[in-house]
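Each remark here refers to the structure printed beneath this line.
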Amino acid sequence: MRKKCGIVGRIVFATTCCLLIIAGCESFTSKRVQTLESDMLEGSWVCVDILDNAEKMLSTKRLGDFPPYTELLFADSGKLVAFNGQVEMVSLTYVHKGSAVQIPEFYGSEKTILNRASDSVLIFQDDVLGKQWKYVKVSDSLLNAEGVSEAFPAMLNRGLVAGDYTVTNTDKPYIITFRGNGYIHGSPQFTNYSICYSGDCANFSTGDLIYLSNDHQQGEYYGWTRQGDEFTIYSLRAVSTADEMPNYEYVKPVLVMKKK
């Protein structure tokens, strides 16, 4: 009788151990899934629709509607930094539940939900504009010294103007390079550039604008056009009165360039 009880005891003990192991595995798996979901969301996401359309049109002025934010930088603490212009950004909170990302203050006071279509794609159904925006995850979030993301501007630069050009409107043609990071090499006048795509500068002209500067003095806005391999930068003339918002029109070419 004692022997039978010993066998039953061992069976009960083994069964209990198995249940504990299974429960432990389920708990570990659950925690692991939550961690993986969080890890998948963390990082920088850019609105690829704007990038694709800008590259097709070779313009930002003709794009029309913009999403409220061009880039979303998620942290692991339920916080995100949303970028909506050249230097404008705002800190928001979010809740990640399964494939949905809830951002209460994404669009004013309305709750916004982004659906995760995959590990690298977020879909935002913009009910205000009646559009759907796709955000894709980028490998790195490029932040400058002020903490402003440079990922979206760099990708926009690469799609629109980055490359090597021959300056042709001069007695001696020379090579100039517009880099994706906003630097200019080979120019006697300029060392930096920034394409205007939103914010106040988007309303300064009916055409596309670019801000050119150098390391030693204040920069200025110029007009620009791209037609195939031709990239032209124009000087501007103010056509607004002193008490109005600045408004400019193109005057004459400053740089006429052909892509190599």
Side-chain angles (χ1 to χ4, degrees), residues 44 46 50-51 54-55 58-61 70-71 73 81-90 138-205 207-227 229-240 245-260:
S44 187
V46 298
I50 295 297
L51 296 170
E55 187 170 357
L58 293 178
S59 168
T60 60
K61 191 66 178 181
T70 56
E71 184 174 350
L73 178 59
V81 179
F83 301 90
N84 66 341
Q86 307 298 116
V87 295
E88 290 118 354
M89 55 186 168
V90 62
V138 295
S139 57
D140 294 306
S141 177
L142 307 175
L143 301 178
N144 63 19
E146 289 75 36
V148 177
S149 177
E150 295 179 343
F152 182 87
M155 296 173 76
L156 187 70
N157 291 344
R158 288 196 290 268
L160 286 177
V161 301
D164 297 323
Y165 298 86
T166 300
V167 178
T168 59
N169 64 326
T170 181
D171 293 337
K172 294 182 179 180
Y174 60 92
I175 305 300
I176 185 173
T177 301
F178 285 74
R179 301 202 180 279
N181 59 8
Y183 287 95
I184 301 174
H185 295 274
S187 170
Q189 301 167 275
F190 311 111
T191 58
N192 306 82
Y193 76 96
S194 176
I195 293 175
C196 171
Y197 60 89
S198 64
D200 289 341
C201 69
N203 299 313
F204 286 170
S205 175
D208 286 291
L209 296 182
I210 187 170
Y211 187 79
L212 299 177
S213 60
N214 61 45
D215 295 330
H216 307 290
Q217 65 183 30
Q218 184 85 15
E220 294 181 15
Y221 283 106
Y222 294 81
W224 70 272
T225 59
R226 269 285 314 275
Q227 295 181 349
D229 291 338
E230 300 288 339
F231 178 25
T232 305
I233 292 177
Y234 300 85
S235 61
L236 298 175
R237 175 172 55 210
V239 293
S240 56
M245 176 179 283
N247 194 18
Y248 302 96
E249 63 180 13
Y250 292 14
V251 181
K252 62 180 181 179
V254 175
L255 292 171
V256 179
M257 299 166 282
K258 187 173 182 61
K259 199 164 190 177
K260 294 186 65 179

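Computed from heavy atoms alone, side chains included, the values below leave out hydrogens, waters and symmetry copies.
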Is the closest side-chain donor-acceptor distance between Ser44 and Glu71 under 3.5 Å?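 Yes, a side-chain donor-acceptor pair sits under 3.5 Å.
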Donor-acceptor check, side chain of Arg226 to backbone of Leu160, threshold 3.5 angstrom: yes or no?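 Such a contact is found between Arg226 side chain and Leu160 backbone.
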Between Lys61 (side chain) and Ser205 (backbone), is there a donor-acceptor pair under 3.5 Å? yes
How many angstroms lie between atom [atom1] of [X] and atom [atom2] of [Y], to the nearest 0.5 angstrom?
X      : Y      : atom1 : atom2 : result
Gln227 : Ser59  : CD    : OG    : 11.0 Å
Glu55  : Arg158 : CD    : CZ    : 10.5 Å
Thr191 : Asn214 : OG1   : CG    : 5.0 Å
Gln189 : Leu255 : CD    : CG    : 6.0 Å
Ile50  : Tyr197 : CD1   : OH    : 10.5 Å

Could you tell me if the side chain of [Y] sits less than 4.5 Å from the side chain of [X], heavy atoms only?
X      : Y      : result
Ile233 : Met257 : yes
Val167 : Pro173 : no
Phe83  : Val90  : no
Leu156 : Leu51  : yes

For [X] and [Y], work out which heavy atoms get closest and say how close.
X      : Y      : answer
Val138 : Ala151 : CG2-CB, 4.5 Å
Ile175 : Lys260 : CD1-CD, 3.6 Å
Ile176 : Ser187 : CD1-CB, 3.5 Å
Asn157 : Asn181 : ND2-C, 4.5 Å
Pro253 : Thr232 : CB-CG2, 4.0 Å
Ala162 : Gly180 : CB-N, 4.0 Å

With sequence neighbours excluded, what pairs up with Thr60 under the side-chain hydrogen bond (donor to acceptor under 3.5 Å, both in side chains) test? Asp208
Run the side-chain contact (heavy atoms from CB on, under 4.5 Å) check on Arg179 and Ile184 step by step: do they pass? CA-CA 6 Å; Arg179 301 202 180 279; Ile184 301 174; over 6 Å; no
Tell me which one of Tyr211, Phe231, Tyr183, Phe178 satisfies ring pair (Phe, Tyr, Trp, His ring centres under 6.0 Å) with Tyr193.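 With Tyr193 as partner, Tyr211, Phe231, Tyr183, Phe178 yield a single ring pair (Phe, Tyr, Trp, His ring centres under 6.0 Å), made by Phe178.
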Quick one: which of Trp224, Tyr234, Tyr222 gives a ring pair (Phe, Tyr, Trp, His ring centres under 6.0 Å) with Tyr250?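 Among Trp224, Tyr234, Tyr222, the one that satisfies the ring pair (Phe, Tyr, Trp, His ring centres under 6.0 Å) with Tyr250 is Tyr234.
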Pairwise side-chain hydrogen bond (donor to acceptor under 3.5 Å, both in side chains) hits with a residue in residues 159-173, at least two apart: Asp164-Thr177
Assert yes or no for the condition that the ring centre distance of Tyr221 to Phe204 is strictly below 6.0 Å. yes
Crowded around Tyr174 OH? As in, over 12 foreign heavy atoms under 6.0 Å? yes
